[in-house]
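Quick notes on the structure that follows.
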Protein chains: 2
Amino acid sequence: MRDEGKLPEAHEQAARFTQVREAHKTEATEDYVELIDDLIRVHGEARLVDVASRMGVTQPTASKTLARLQRDGFVNSEPYRSIFLTDQGKALATESRLRHEIVFEFLLSIGVSHETATRDSEGMEHHVSEETLKVFKKVIRQNSKPKP
Amino acid sequence: MRDEGKLPEAHEQAARFTQVREAHKTEATEDYVELIDDLIRVHGEARLVDVASRMGVTQPTASKTLARLQRDGFVNSEPYRSIFLTDQGKALATESRLRHEIVFEFLLSIGVSHETATRDSEGMEHHVSEETLKVFKKVIRQNSKPKP
DNA sequence: GTATAAACTAAGCCTTGGCTAAATTATAAG
DNA sequence: CTTATAATTTAGCCAAGGCTTAGTTTATAC
């Protein structure tokens with residue numbers, strides 16, 4: 001239970017919420033580049049139609065989002081052609097995938113089901129700091145080693 | 001590393017992203033009612049000025065958000081007066097606080113620092129399913145008991 | 001009891017990220 | 001090589017959640 005009669009300092013609490021909002025802003029970008037990277041690896045290319053269907057949005061929505069990503073330097077594509085990641089996009093995709101995988105493996109390692117780990121890691125990955133990620137990695141190692 | 005040459009089924013992946021987006025929509029509501037509940041407990045009342053400063057937003061922004069929460073039945077207030085939670089609002093605040101505390105305690109119990117646990121739990125709490133929450137609780141119990 | 005300060009609301013603007021409907025371009029089929 | 005289909009873009013709408021600037025209301029101080 002929280003300390004009775006005590007609230008965190010206003011400016012500290014504000015800073016945390018502000019930070020969460022910041023993280024939110026990059027979520028879409030991370031999800032898109034991660035997906036595009038996957039599509040390129042597996043299908044050889046990333047088409048809008050696949051991005052849209054896998055993101056669960058309509059094609060115009062995906063199109064608009066991709067225009068933003070292009071504006072911000074994460075992807076590259078010519079009209080009616082498939083989508084490519086810039087170096088910046090690739091870097092973000094790699095970092096993002098790594099984080100995603102750690103969160104996923106961590107959840108599995110503490111006993112969460114495969115399906116739930118898949119679902120929860122999708123939402124959680126964007127809110128896990130470097131420090132927590134490090135702890136997650138340690139836990140994964142510990143829970144995989146114990147050979148008695 | 002992810003399975004080479006295999007992507008999850010499009011409709012399943014889409015469903016997960018859709019679900020994360022759904023969670024997003026309720027985040028603001030949860031954060032606000034949780035904070036309002038805290039303010040009422042500790043200060044006896046919740047004033048807009050405090051909500052705004054603790055959420056890290058301007059007063060007009062808080063005002064607009066609260067109007068939405070009122071429209072949706074979570075809070076109640078008359079112009080220029082302090083803010084009250086409806087039964088629905090109280091229920092959500094309680095549920096939300098509980099979830100928040102479990103995530104926070106969980107992070108602490110696996111070795112994350114107090115400060116980081118505070119920060120990360122703020123963002124993570126909205127993306128943790130019931131199943132994962134249950135596992136978190138188990139881990140908290142296990143990590144607090146070990147008396148050799 | 002009236003001035004001044006603080007709290008709140010109103011109005012208007014912006015971006016993101018959804019949507020649909022309609023137009024355009026590429027691709028595939030005949 | 002033309003036509004039908006599929007993919008993509010364009011245009012326009014909406015809500016959420018930020019902001020600033022300006023106006024009201026309430027509370028405080030003298």
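Everything quoted here is computed from the prediction, not taken from an experiment.
- With C:dT16, C:dC13, C:dT9 as the choices, the nucleotide that has an atom nearest any side-chain atom of B:K64 turns out to be C:dC13.
- Ranking D:dG18, C:dG18, C:dT16 by closeness to the B:Y32 side chain, first place goes to D:dG18.
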Practice item. Check the pair B:V112, A:E131 against side chain to side chain contact (heavy atoms under 4.5 Å, CB included), reporting the backbone distance first and the verdict last. Key: CA-CA 7 Å; B:V112 173; A:E131 183 193 329; 3.8 Å; yes
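- Candidate nucleotides C:dC8, D:dA7, C:dG18 were compared by shortest atom distance to the side chain of B:Y80, and C:dC8 ranks first.
- For D:dC19, one of the phosphate oxygens OP1 or OP2 lies less than 4.0 angstrom from a side-chain nitrogen or oxygen of B:T58.
- Nucleic acid contact for A:A28: sugar-phosphate only, since backbone atoms but no base atoms lie under 4.0 Å from a heavy atom of the residue.
- Taking for each of B:D72 and B:R47 the nucleotide of DNA chain D with the nearest heavy atom, the 5'-most of the two is the partner of B:D72.
- Nearest to the side chain of A:P60, among D:dA11, C:dT9, D:dT8, sits D:dA11.
- Hydrophobic clustering of Ile, Leu, Val, Met, Phe, Trp and Tyr side chains at less than 4.5 Å, counting indirect connections, keeps A:L108 apart from B:I110.
- Screening B:R47, B:H43, B:E45 against B:S82 for a side chain to side chain donor-acceptor pair (under 3.5 Å) leaves a single residue, B:E45.
- Taking the six-membered ring where the residue is Trp, the centroids of B:H127 and B:H24 are separated by under 6.0 Å.
- Taking 4.0 angstrom as the limit, A:S63 places none of its side-chain polar atoms (N or O) nearer than this to OP1 or OP2 of D:dT8.
- Each of B:R81 and A:P79 lies near DNA chain D, and the nucleotide nearest A:P79 is the one positioned closer to the 5' end.
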